[in-house]
Amino acid sequence: MAASALFPNLKYSDGLTVVGISVCTALVCEAISWVLIYRTTSYKSLKSSIDKASKKLETMKTDSSINKPKAKAKKMDRVETSLKESSRDLSLFKFKSGAVVAIVLFVVFGLLNFLFEGKAVAKLPFVPVRIVQKMSHRGLQGDDPTDCSMAFLYFLCSISIRTNLQKFLGFSPPRGAAGAGLFPMPDPKTN
């Protein structure tokens with residue numbers, strides 16, 4: 001049942017429904033992540049090792065008391081290697097939760113797509129550029145480029161709400177793991 005049926009006089013009820021469902025989905029996804037990842041000792045130990053290695057690397061970069069540059073470079077390479085390995089392990093550890101979260105997101109998106117199929121849920125205050133217009137007007141009838149589909153609004157809300165919720169709850173990736181992942185960037189020193 002859409003919010004327009006519950007609140008027929010509310011002008012933006014469909015858009016608010018999509019935003020509300022996006023908030024609820026983000027909360028459910030973070031709860032799943034907490035159960036499968038964040039509360040485990042493996043995650044906590046990986047996160048602490050990443051934090052320690054990144055702090056050690058920063059102090060080594062700023063420390064000028066070491067007289068031998070070759071020894072310093074070797075130590076820094078060892079710490080960087082350790083940091084990359086821990087970040088990779090953390091990414092692989094998070095993979096199982098990512099699969100469950102993806103299933104939840106697909107189910108919610110399918111439900112929303114069923115409820116708001118071919119219906120504009122919001123009005124954009126501007127005419128978007130052509131490529132964005134194709135995404136924001138996806139599945140809608142008519143020629144008004146300021147009409148916004150459910151898919152576009154849900155996509156924008158999901159990205160912004162979940163990211164900010166992770167930061168608020170303290171579940172954002174550790175500092176040193178930001179650039180790492182399953183496919184880390186190549187090291188410019190070796191190329």
Side-chain angles (χ1 to χ4, degrees), residues 1-40 43 87-175 177-186:
M1 178 187 270
S4 57
L6 295 173
F7 307 108
N9 296 331
L10 192 58
K11 185 176 181 181
Y12 303 109
S13 61
D14 290 340
L16 291 174
T17 301
V18 172
V19 172
I21 290 173
S22 181
V23 169
C24 292
T25 304
L27 289 170
V28 167
C29 290
E30 288 309 307
I32 290 169
S33 294
W34 182 79
V35 167
L36 295 177
I37 295 175
Y38 301 128
R39 69 183 180 105
T40 63
Y43 172 79
S87 296
R88 186 194 70 233
D89 292 344
L90 184 65
S91 295
L92 291 173
F93 188 70
K94 285 184 168 187
F95 190 72
K96 67 179 179 182
S97 169
V100 175
V101 167
I103 291 170
V104 169
L105 292 174
F106 280 129
V107 169
V108 170
F109 185 79
L111 174 70
L112 285 174
N113 208 21
F114 174 74
L115 290 174
F116 297 106
E117 185 177 354
K119 193 174 185 184
V121 296
K123 280 283 199 190
L124 299 174
F126 56 90
V127 176
V129 294
R130 190 76 184 143
I131 192 164
V132 175
Q133 195 177 103
K134 287 183 179 186
M135 291 184 287
S136 69
H137 205 267
R138 178 185 163 266
L140 297 179
Q141 302 298 320
D143 295 330
D144 187 0
T146 61
D147 284 345
C148 181
S149 68
M150 176 283 306
F152 188 68
L153 182 61
Y154 181 71
F155 174 72
L156 290 178
C157 289
S158 293
I159 290 173
S160 60
I161 291 171
R162 187 149 186 241
T163 304
N164 287 317
L165 184 63
Q166 285 176 340
K167 286 180 185 176
F168 177 73
L169 295 174
F171 296 157
S172 57
R175 219 171 9 135
L182 288 176
F183 306 106
M185 292 298 290

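Throughout, residue positions are numbered sequentially from 1 according to the sequence presented.
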Are side-chain heavy atoms of Arg162 and Val101 found at a separation under 4.5 Å? yes
Kindly write out the residues that satisfy ring-ring contact (aromatic ring centres under 6.0 Å, His included) with Tyr154, not counting sequence neighbours, or none if the list is empty. none
Polar side-chain atom of Thr40 near backbone of Ile37 as donor-acceptor pair, under 3.5 Å: yes
The reported gap from OG in Ser97 to CD in Glu30 (rounded to nearest 0.5 angstrom) is 8.0 Å
When every non-hydrogen atom of Ser149 is compared with those of Leu140, the smallest separation belongs to N-CD1, 3.6 Å
In Å and rounded to the nearest 0.5 Å, what is the CG to CG distance from Asn164 to Leu169? 11.0 Å
Identify the two heavy atoms, one from Ser13 and one from Thr17, that lie closest to each other, and give their separation to 0.1 Å. O-OG1, 2.7 Å
Quickly, which of Cys148, Ser22, Ser136 forms a side-chain contact (heavy atoms from CB on, under 4.5 Å) with Leu153? Name it, please. Cys148
Exam field: side chain Ser33 to backbone Cys29, donor-acceptor pair closer than 3.5 Å: yes
Counting only pairs under 3.5 Å, give me each side-chain donor-acceptor contact of residues 106-116, with atom names and distances, residues two or more places apart or in other chains.
none

Does Phe152 reach the side chain of His137, with side-chain heavy atoms less than 4.5 Å apart? no
Tell me which donor-acceptor pairs under 3.5 Å the side chains of residues 122-130 have, and how far apart each pair is, sequence neighbours excluded?
{"residue": "Lys123", "atom": "NZ", "partner": "Asp144", "partner atom": "OD2", "Å": "2.2"}
{"residue": "Lys123", "atom": "NZ", "partner": "Asp147", "partner atom": "OD1", "Å": "2.8"}
{"residue": "Arg130", "atom": "NH1", "partner": "Gln133", "partner atom": "OE1", "Å": "2.8"}

Return the minimal non-hydrogen interatomic distance between Ala26 and Ile161, and the atom names on each side. CB-CG2, 3.8 Å
